[in-house]
**Student:** 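A single structure is presented below for examination.
All figures in this text were calculated on a predicted structure; none of them were measured in a lab.
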Amino acid sequence: MIQKPKGTYDLYGENSKKWLYIKSLIKNICETYNYNYIKTPTFERSELFHRGVGDSTDIIRKETYDFKDRSNRDMSLRPEGTAGVVRSYIENKMYNEQIIKQYYIGSNFRYERPQSGRFREHTQFGIEVFGSDSPIIDAEVISIPVLLFKMLGLKGIKVKINTLGDEESSSDYKKALIEHFKPKINELCEDCINRLDINPLRILDCKVDSGNQLLKKAPRTIDYLNPDSENYFKRVLDYLDLLEIEYEVDPKLVRGLDYYTHTIFEIQADIEGLGSQNTLCGGGRYNNLVETLDGPETPGIGFGMGLERLLLALDKENIDLLKNNNIDAFVIGIGNTKEETFKITNMLRVNGFKTDMDYFGKNISSSFKQADKYNSKYIIIVGEEELKSDKVIVKENNKDAQELIKIEELINYLDEKIEN
RNA sequence: GCGAGUAUGGUGAAGUGGUUAACACGGUAGAUUGUGGUUCUAUUAUGCGUGGGUUCGAUUCCCACUACUCGCCCCA
């Protein structure tokens with residue numbers, strides 16, 4: 001038997017209903033904020049990710065799915081969403097508009113060992129905004145996942161925020177970090193020793209050394225901000241206050257992708273059972289990325305959110321997304337009425353009623369069971385006797401009373417009933 | 001890349017070196033050939049991840065492989 005590839009999953013049954021529900025909620029929220037849907041290819045030239053995401057990141061160094069196509073071009077399945085959207089922004093010259101606000105939902109691929117809340121193919125909902133360096137946009141971008149989690153009823157959500165400042169600030173900060181760590185680098189783990197040269201920021205994120213005094217005494221980003229960067233960060237926080245979004249400034253927060261500048265943030269769910277996979281959403285500002293990928297100087301900001309992880313969190317919290325999971329009508333035929341049953345079912349469907357029918361000619365008892373399973377609001381019985389006068393029996397589920405309704409009046413009848 | 005654990009029907013699982021592999025859920029049929037969700041009855045794995053070994057005999061013991069799960073690293 002052929003099995004699915006490691007780290008992938010099949011979406012079906014109840015889970016696919018939850019999935020579609022979340023997707024439609026995301027769509028509605030994004031439309032409310034006036035964001036436009038964008039879809040970019042699932043694979044791109046490998047170079048895009050090397051230059052965009054950064055050669056020093058773990059994602060690029062050891063987690064991409066790389067392959068050569070039949071013309072021997074280097075391709076990669078996308079490991080994250082931002083680089084492709086930026087490429088599209090530049091290639092389609094969207095910079096002719098002053099501001100572009102977009103959202104996407106799509107698969108990302110990373111070659112990792114799977115575990116709870118982590119897959120080799122996972123889906124991210126993300127948004128990217130180009131063209132504005134207003135701190136209002138930072139607050140708006142953060143407010144979107146916060147609203148989504150709130151609408152889903154997710155508790156224990158924590159927004160963590162930090163800033164890297166502009167290029168000057170973060171380069172000053174990196175120097176300070178190297179100076180701080182270099183003399184005693186041997187006290188740290190092997191990974192951190194490597195990180196010192198590749199990306200010293202990531203040492204702060206190390207969990208092996210998190211108890212080490214060297215880390216606790218490490219310089220803090222916010223102490224190395226130049227006045228402009230400091231002022232910018234303050235305004236972002238002010239706007240978050242204005243929207244009454246709770247947050248926690250975490251000077252040690254850093255991210256695994258190289259392109260970030262200024263604001264970076266993570267949203268974590270403090271939920272038992274999520275373990276270290278508790279980051280539901282991460283993002284930040286990337287004011288140099290468009291230029292890095294050969295576009296005009298353009299500020300940008302965005303986030304990515306793992307839908308599998310979100311679903312897992314909702315599951316752990318016992319949040320039921322399927323409250324309205326039912327159909328309007330189930331049609332049961334009795335006797336030799338298969339054609340009429342199918343026809344009436346079709347009539348209901350064409351008129352917008354969620355309808356199903358018994359396809360097997362089972363006995364009535366079984367058909368009623370089936371109707372219950374689908375949680376049908378109404379049961380329609382098509383019997384030979386009633387058909388003689390062009391009528392069917394309509395029964396509200398769970399009630400004994402039933403009515404004889406003319407087939408031509410059936411739609412109006414159900415319309416009125418279901419409206420109420 | 002490193003570490004630990006698990007592998008028995010559609011699902012959750014119990015179990016044993018030796019003729020019929022518990023139990024529960026789900027499925028199907030019937031009691032009820034025109035009215036249900038309760039109940040009752042029957043039925044539902046020639047099979048215990050794959051390959052090899054030990055043995056008179058292996059689902060059970062041993063080895064390898066594979067898959068899955070959970071940690072670490074990293075990330076969504």
**Student:** Centroid separation under 6.0 Å, is that true for the rings of A:Phe125 and A:Phe303?
**Tutor:**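 Between A:Phe303 and A:Phe125, the centre distance is under 6.0 Å.
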**Student:** By nearest atom, which of the nucleotides B:rG34, B:rC74, B:rG36 is closest to the A:Ile364 side chain?
**Tutor:**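 Ranking B:rG34, B:rC74, B:rG36 by closest atom to the A:Ile364 side chain puts B:rG34 first.
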**Student:** Using the P atoms only, state how far B:rG3 lies from B:rA64, rounded to an integer number of Å.
**Tutor:**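 About 15 Å, rounded to a whole number of Å.
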**Student:** Let me spell it out: for each of A:Cys281 and A:Ala371, pick the nucleotide of RNA chain B with the closest heavy atom. Which residue's pick is nearer the 5' end?
**Tutor:**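 Nearest nucleotide further toward 5': that of A:Ala371.
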**Student:** Would you call A:Glu179 and A:Lys175 a salt bridge, taking side-chain N to carboxylate O under 4.0 Å as the test?
**Tutor:**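 Result for this pair is no, no salt bridge flagged.
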**Student:** Rounded to the nearest angstrom, tell me the gap between atom CD1 in A:Ile60 and atom C1' in B:rC73.
**Tutor:**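 Answer to the nearest Å: 17 Å.
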**Student:** Take the protein atom CG of A:Asp400 and the nucleotide atom C1' of B:rG34, then report the distance between them rounded to whole Å.
**Tutor:**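 Whole-Å distance recorded here is 16 Å.
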**Student:** Tell me every residue that passes salt bridge (charged side-chain N to carboxylate O under 4.0 Å, His left out) with A:Arg113, counting only those two or more places apart in sequence or in another chain.
**Tutor:**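 If we apply the salt bridge (charged side-chain N to carboxylate O under 4.0 Å, His left out) test to A:Arg113, skipping adjacent residues, there are no hits.
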**Student:** Of the nucleotides B:rG36, B:rC75, B:rU35, which one has an atom closest to the side chain of A:Arg202?
**Tutor:**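 Closest nucleotide to the A:Arg202 side chain: B:rC75.
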**Student:** Can you measure A:Glu384 atom CD to B:rG34 atom C1' for me and round it to whole angstrom units?
**Tutor:**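 A:Glu384 atom CD is separated from B:rG34 atom C1' by 10 Å.
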**Student:** May I have the distance from A:Phe368 (atom CZ) to B:rU39 (atom P), rounded to whole angstrom?
**Tutor:**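 Result: 19 Å.
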**Student:** Sticking with atom P, work out how far B:rG71 lies from B:rU19, rounded to a whole angstrom.
**Tutor:**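 After rounding to an integer number of Å, I get 41 Å for this pair.
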**Student:** By nearest heavy atom, map A:Gln124 and A:Lys62 onto RNA chain B; which one lands nearer the 5' end?
**Tutor:**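 Per heavy-atom nearest nucleotide, the more 5' residue is A:Lys62.
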**Student:** How many Å lie between CD on A:Gln370 and C1' on B:rG26, as a whole number?
**Tutor:**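 Going from CD in A:Gln370 over to C1' in B:rG26 covers 13 Å.
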**Student:** Can you check B:rG18 for me, syn or anti if syn means within 90° of 0?
**Tutor:**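 Anti, since the glycosidic angle lies more than 90° from 0.
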**Student:** Test of understanding: with side chain to side chain donor-acceptor pair (under 3.5 Å), list the residues that count as partners of A:Lys18, not counting sequence neighbours.
**Tutor:**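 With sequence neighbours excluded, A:Lys18 shows a side chain to side chain donor-acceptor pair (under 3.5 Å) to A:Asp315, given in chain and number order.
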**Student:** Residues two or more places apart in sequence or in another chain: which of them pass salt bridge (charged side-chain N to carboxylate O under 4.0 Å, His left out) with A:Asp358?
**Tutor:**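 Checked A:Asp358 against salt bridge (charged side-chain N to carboxylate O under 4.0 Å, His left out); zero matches.
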**Student:** When rounded to the nearest Å, what value does the distance between P atoms of B:rC63 and B:rA24 take?
**Tutor:**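 Straight-line distance between the two P atoms is 36 Å.
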**Student:** In whole angstrom, give me the gap between the C1' atoms of B:rU50 and B:rA7.
**Tutor:**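 Nearest-Å result for B:rU50 against B:rA7 at atom C1': 11 Å.
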**Student:** I need the CD1-C1' distance between A:Ile334 and B:rG36, as an integer number of Å.
**Tutor:**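 Value for this atom pair: 11 Å.
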**Student:** Out of B:rG36, B:rA76, B:rG34, which nucleotide sits closest to the side chain of A:His122?
**Tutor:**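 In terms of side-chain proximity for A:His122, the closest of B:rG36, B:rA76, B:rG34 is B:rA76.
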**Student:** For residues 123-141 of chain A, which residue pairs pass the side chain to side chain donor-acceptor pair (under 3.5 Å) check, not counting sequence neighbours?
**Tutor:**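 Residue pairs with at least one partner in residues 123-141 of chain A: A:Tyr35-A:Glu140, A:Thr82-A:Glu128, A:Lys101-A:Glu140, A:Tyr104-A:Glu128, A:His122-A:Gln124, A:Thr123-A:Glu308, A:Glu128-A:Tyr286, A:Asp138-A:Tyr232, A:Asp138-A:Thr263, A:Asp138-A:Arg285.
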**Student:** Quick check on B:rC74: is either OP1 or OP2 less than 4.0 Å from any side-chain nitrogen or oxygen of A:Arg255?
**Tutor:**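 No, outside the criterion.
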**Student:** Which residues within residues 103-120 of chain A lie with some heavy atom under 4.0 Å of an atom in RNA chain B?
**Tutor:**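 The answer is A:Arg110, A:Glu112, A:Arg113, A:Gln115, A:Ser116, A:Gly117, A:Arg118, A:Phe119.
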**Student:** Are A:Glu80 and A:Arg110 within salt-bridge range, i.e. N to O under 4.0 Å?
**Tutor:**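 Between A:Arg110 and A:Glu80 there is no salt bridge, as every charged N stays at least 4.0 Å from the carboxylate O atoms.
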**Student:** Answer yes if the side chains of A:Ser107 and A:Glu121 hold a donor-acceptor pair under 3.5 Å, and no otherwise.
**Tutor:**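 Note: A:Ser107 and A:Glu121 side chains meet the donor-acceptor criterion.
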**Student:** Rounded to whole angstroms, how far apart are CG on A:Leu307 and P on B:rA76?
**Tutor:**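 Nearest whole value for this atom pair: 13 Å.
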**Student:** Taking only side-chain N and O atoms of A:Lys362, does any of them lie within less than 4.0 angstrom of OP1 or OP2 on B:rU28?
**Tutor:**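 Answer yes for this pair, as a side-chain N or O of A:Lys362 is under 4.0 Å from OP1 or OP2.
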**Student:** Starting at CG of A:Leu164, measure out to OG of A:Ser171 and round the result to the nearest 0.5 Å.
**Tutor:**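 If I round to the nearest 0.5 Å, the distance is 12.0 Å.
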**Student:** Mind checking A:Ile381 for me? I need base, sugar-phosphate or nothing, with any heavy atom below 4.0 Å counting as a touch.
**Tutor:**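 Touches a base.
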**Student:** Please state whether the phosphate of B:rG36, meaning OP1 or OP2, lies under 4.0 angstrom from any side-chain nitrogen or oxygen of A:Lys373.
**Tutor:**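 So the side-chain polar atoms of A:Lys373 never come under 4.0 Å of the phosphate oxygens OP1 or OP2 of B:rG36.
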**Student:** Judged by modelled atom types alone, do A:Asp223 and A:Tyr173 share a side-chain donor-acceptor pair under 3.5 Å?
**Tutor:**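 On atom types as modelled, these side chains do not qualify, holding no pair under 3.5 Å.
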**Student:** When the C1' atoms of B:rG10 and B:rG27 are considered, how many whole Å apart are they?
**Tutor:**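 It works out to 8 Å between them.
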**Student:** Assign A:Glu385 to base, sugar-phosphate, or nothing according to its heavy-atom contacts below 4.0 angstrom with the strands shown.
**Tutor:**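 A:Glu385: base contact, heavy atoms under 4.0 Å.
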**Student:** Could you tell me how far B:rG5 sits from B:rA76 if I compare only their P atoms? Round to whole Å.
**Tutor:**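 Between the two P atoms, the distance is 31 Å.
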**Student:** Quick one: does A:Glu386 reach the base of B:rG34 with a side-chain donor-acceptor pair under 3.5 Å?
**Tutor:**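 Per atom types, the contact qualifies.
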**Student:** From the list B:rU35, B:rG36, B:rA76, which nucleotide is the closest neighbour of the side chain of A:Asp372?
**Tutor:**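 Within the option list, the nearest is B:rG36.
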**Student:** For A:Arg349 and A:Thr355, indicate whether the former's side chain and the latter's backbone hold a donor-acceptor pair under 3.5 Å.
**Tutor:**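 Side chain of A:Arg349 to backbone of A:Thr355: a pair is present.
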**Student:** Kindly express the pairing pattern of RNA chain B in dot-bracket notation, using | wherever a base pairs with another strand and counting only Watson-Crick or G-U pairs under 3.5 Å.
**Tutor:** (((((((..(((.....[....)))((((((.......))))))....(((((..]....))))))))))))....
**Student:** If we take the C1' atom in both B:rG9 and B:rG15, what is their distance in whole Å?
**Tutor:**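 About 15 Å, rounded to a whole number of Å.
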**Student:** For the side chain of A:Asn363 and the base of B:rG34, is some donor closer than 3.5 Å to an acceptor across the two?
**Tutor:**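 No, no donor-acceptor pair under 3.5 Å.
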**Student:** For the P atoms, the ones on B:rU8 and on B:rC48, what distance do you get once it is rounded to whole angstrom?
**Tutor:**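 Those two atoms are separated by 11 Å.
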**Student:** Between B:rC75, B:rC68, B:rU35, which one does the side chain of A:Lys6 approach most closely?
**Tutor:**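 Closest nucleotide to the A:Lys6 side chain: B:rC68.
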**Student:** Could you tell me whether A:Asp328 and A:Lys377 make a salt bridge, using a distance below 4.0 angstrom between a side-chain N and a carboxylate O?
**Tutor:**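 Here A:Asp328 pairs with A:Lys377 in a salt bridge, since their nearest N and O are under 4.0 Å apart.
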**Student:** What's the NZ-P distance between A:Lys369 and B:rG27, to the nearest Å?
**Tutor:**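 Atom-to-atom, A:Lys369 to B:rG27, this comes out as 8 Å.
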**Student:** Under 4.0 angstrom, heavy atoms only, what part of the nucleic acid is A:Leu310 near: base, sugar-phosphate, or nothing?
**Tutor:**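 The answer is nothing, as A:Leu310 stays clear of every strand by at least 4.0 Å.
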